[in-house]
Q: 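Would you mind keeping the following structure in view while I ask a few things?
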Amino acid sequence: MRLAQSYFLSDNVVAIARNLLGKELFTNIDGKICSGIISETEAYEGITDKASHAYGNRRTKRTETMYKEGGRTYVYLCYGMHHLLNIVTAKENTPHAVLIRGIIPNSGIDIMFKRTNKKKLTNISNGPAKMSKALGITTDLDNTLLDDNKIWIEDSNFPLSGFEIIVGKRIGIDYAQEDALLPYRFLLANKK
DNA sequence: TATAAGATTTACT
DNA sequence: GTAAATCTTATAT
């Protein structure tokens, strides 16, 4: 079943980031449906987080989406060529968001292959930009409600028993100084 | 108006 | 290991 919008209205963005692991992310782009189990997330805690675009209550055309009510997407272009997918959380005017960094492909894998031009199943979704490319996510999906039939998240009761949740510091944000060390990154890993 | 840097990936040396 | 690709935003002149 799909996650209700109320799921995303909590102020505790870190808890949501952790809880999203194992949920299934769906996209429906041009009638092509793909999905995957969310395997890696990062929390971005709005105005108090130096790594966030909204740090210090910074409000621009780009970050405007983050200030809206939770339960929608925030897609933005990084390095001029990579689309990154975030899930906006918390109430209006609280710019919290969860960055989806990785998925385990579940359905529509052949479509993902075509989109990414890859021949092997490896490296299809082990990075935020590659994942977006595989799922067909672009800035066209920015500020899209998760019940818009273009993108949504379901709780498909993926069994987490065989996995452990690893918590660590976030990646690629060295400029954020001490906030770069916060344990806001969550990922699923096979138990050994 | 101009310049610098970025929540990255890929290819090449 | 290093660099290129490539564009939007933010900060500066």
Side-chain angles (χ1 to χ4, degrees), chain A residues 8 12-21 23 25 27 34 36 38-68 70 72-90 94-105 111-144 146 151 153 165-188:
Chain A
F8 299 101
N12 196 339
V13 62
V14 177
I16 294 176
R18 190 180 190 282
N19 196 256
L20 279 177
L21 292 177
K23 299 291 189 297
L25 173 69
T27 61
C34 296
I38 296 173
S39 60
E40 186 171 350
T41 64
E42 286 178 10
Y44 283 83
E45 197 164 33
I47 61 176
T48 64
D49 187 345
K50 287 182 181 172
S52 169
H53 292 157
Y55 172 66
N57 215 27
R58 197 166 34 188
R59 196 159 182 154
T60 67
K61 194 176 179 182
R62 177 175 66 159
T63 60
E64 191 64 26
T65 307
M66 295 180 77
Y67 288 84
K68 295 182 184 298
R72 70 188 69 223
T73 60
Y74 168 48
V75 180
Y76 88 98
L77 195 61
C78 185
Y79 294 94
M81 62 188 80
H82 301 301
H83 298 275
L84 272 64
L85 172 68
N86 298 253
I87 307 298
V88 179
T89 68
T94 304
H96 291 182
V98 176
L99 171 68
I100 309 295
R101 292 186 58 91
I103 60 166
I104 303 167
I111 298 170
M112 298 191 210
F113 270 121
K114 286 181 182 172
R115 287 196 180 121
T116 55
N117 251 339
K118 290 285 183 297
K119 298 184 177 74
K120 296 179 181 176
L121 192 54
T122 55
N123 295 334
I124 197 171
S125 64
N126 59 339
K130 282 191 280 189
M131 179 204 71
S132 298
K133 191 176 183 183
L135 291 175
I137 292 168
T138 68
T139 50
D140 288 345
L141 278 179
D142 182 42
N143 192 16
T144 302
L146 290 177
I151 180 168
I153 296 175
I165 294 176
I166 295 179
V167 182
K169 69 183 181 70
R170 293 172 294 182
I171 290 178
I173 53 164
D174 293 340
Y175 64 90
Q177 302 170 29
E178 73 274 11
D179 284 339
L181 302 176
L182 291 171
Y184 281 3
R185 173 171 176 249
F186 305 94
L187 68 120
L188 287 180

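In the text below, chain A, chain B and the rest are named by the order of the sequence lines, each starting its count at 1.
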Q: Please determine whether side-chain contact (heavy atoms from CB on, under 4.5 Å) holds for the pair A:Thr41 and A:Ile87, giving the CA-CA distance in whole Å, both sets of side-chain angles, and the decisive distance to 0.1 Å.
A: CA-CA 10 Å; A:Thr41 64; A:Ile87 307 298; over 6 Å; no
Q: Can you find a heavy atom in the side chain of A:Asn12 that is under 4.5 Å from one in the side chain of A:His96?
A: no
Q: Hey, does the side chain of A:Arg58 come within less than 4.0 Å of C:dT9's phosphate (OP1/OP2), counting only N and O?
A: no
Q: How close or far is atom P of C:dT11 from atom OH of A:Tyr55, stated in whole angstroms?
A: 12 Å
Q: Nearest whole Å is fine: how far is C:dT8 C1' from A:His82 NE2?
A: 14 Å
Q: Think A:Thr63 has a side-chain N or O under 4.0 angstrom from the OP1 or OP2 of C:dT9?
A: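 So the side-chain polar atoms of A:Thr63 never come under 4.0 Å of the phosphate oxygens OP1 or OP2 of C:dT9.
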Q: Considering residues, nucleotides and ligands other than A:Arg59, do more than 12 of their heavy atoms fall under 6.0 Å from its CZ?
A: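 Result for CZ/A:Arg59: enclosed.
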Q: The side chain of A:Met81 lies closest to which of these nucleotides: B:dT8, C:dT6, C:dT9?
A: C:dT6
Q: Give a yes/no on whether any side-chain N or O of A:Lys130 is located under 4.0 angstrom from OP1 or OP2 of B:dT10.
A: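 For B:dT10, OP1/OP2 do have a side-chain N/O of A:Lys130 under 4.0 Å.
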Q: Taking the side chain of A:Leu77 as heavy atoms from C-beta outward, which of B:dT9, C:dC7, C:dA5 is closest to it?
A: C:dC7
Q: Report the distance from atom CZ of A:Arg62 to atom P of C:dT11, rounded to the nearest whole Å.
A: 11 Å
Q: Roughly how many Å is it from OH in A:Tyr79 to C1' in B:dA11, rounded to a whole number?
A: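 A:Tyr79 atom OH is separated from B:dA11 atom C1' by 17 Å.
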Q: Searching all strands shown, indicate the nucleotide that pairs with C:dT6 (Watson-Crick or G-U wobble; both distances under 3.5 Å).
A: none
Q: Does any non-hydrogen side-chain atom of A:Arg115 lie less than 4.5 Å from one of A:Cys34?
A: yes
Q: How long is the line joining NE2 of A:His83 and P of B:dT9, in whole Å?
A: 13 Å
Q: A:Glu42 CD to B:dG6 C1': how many Å, rounded?
A: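 A:Glu42 atom CD is separated from B:dG6 atom C1' by 14 Å.
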Q: CG of A:Leu84 versus P of C:dT6: gap in Å, rounded?
A: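 From A:Leu84 CG to C:dT6 P: 18 Å.
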Q: If you measure from the P atom in C:dT6 to the same atom in B:dA2, how many Å do you get, rounded?
A: 23 Å
Q: How close or far is atom C1' of C:dT8 from atom CE of A:Met66, stated in whole angstroms?
A: 16 Å
Q: Which is it for A:Val14 and A:Tyr184 under the side-chain contact (heavy atoms from CB on, under 4.5 Å) test, yes or no, and what are the steps along the way?
A: CA-CA 6 Å; A:Val14 177; A:Tyr184 281 3; 3.5 Å; yes
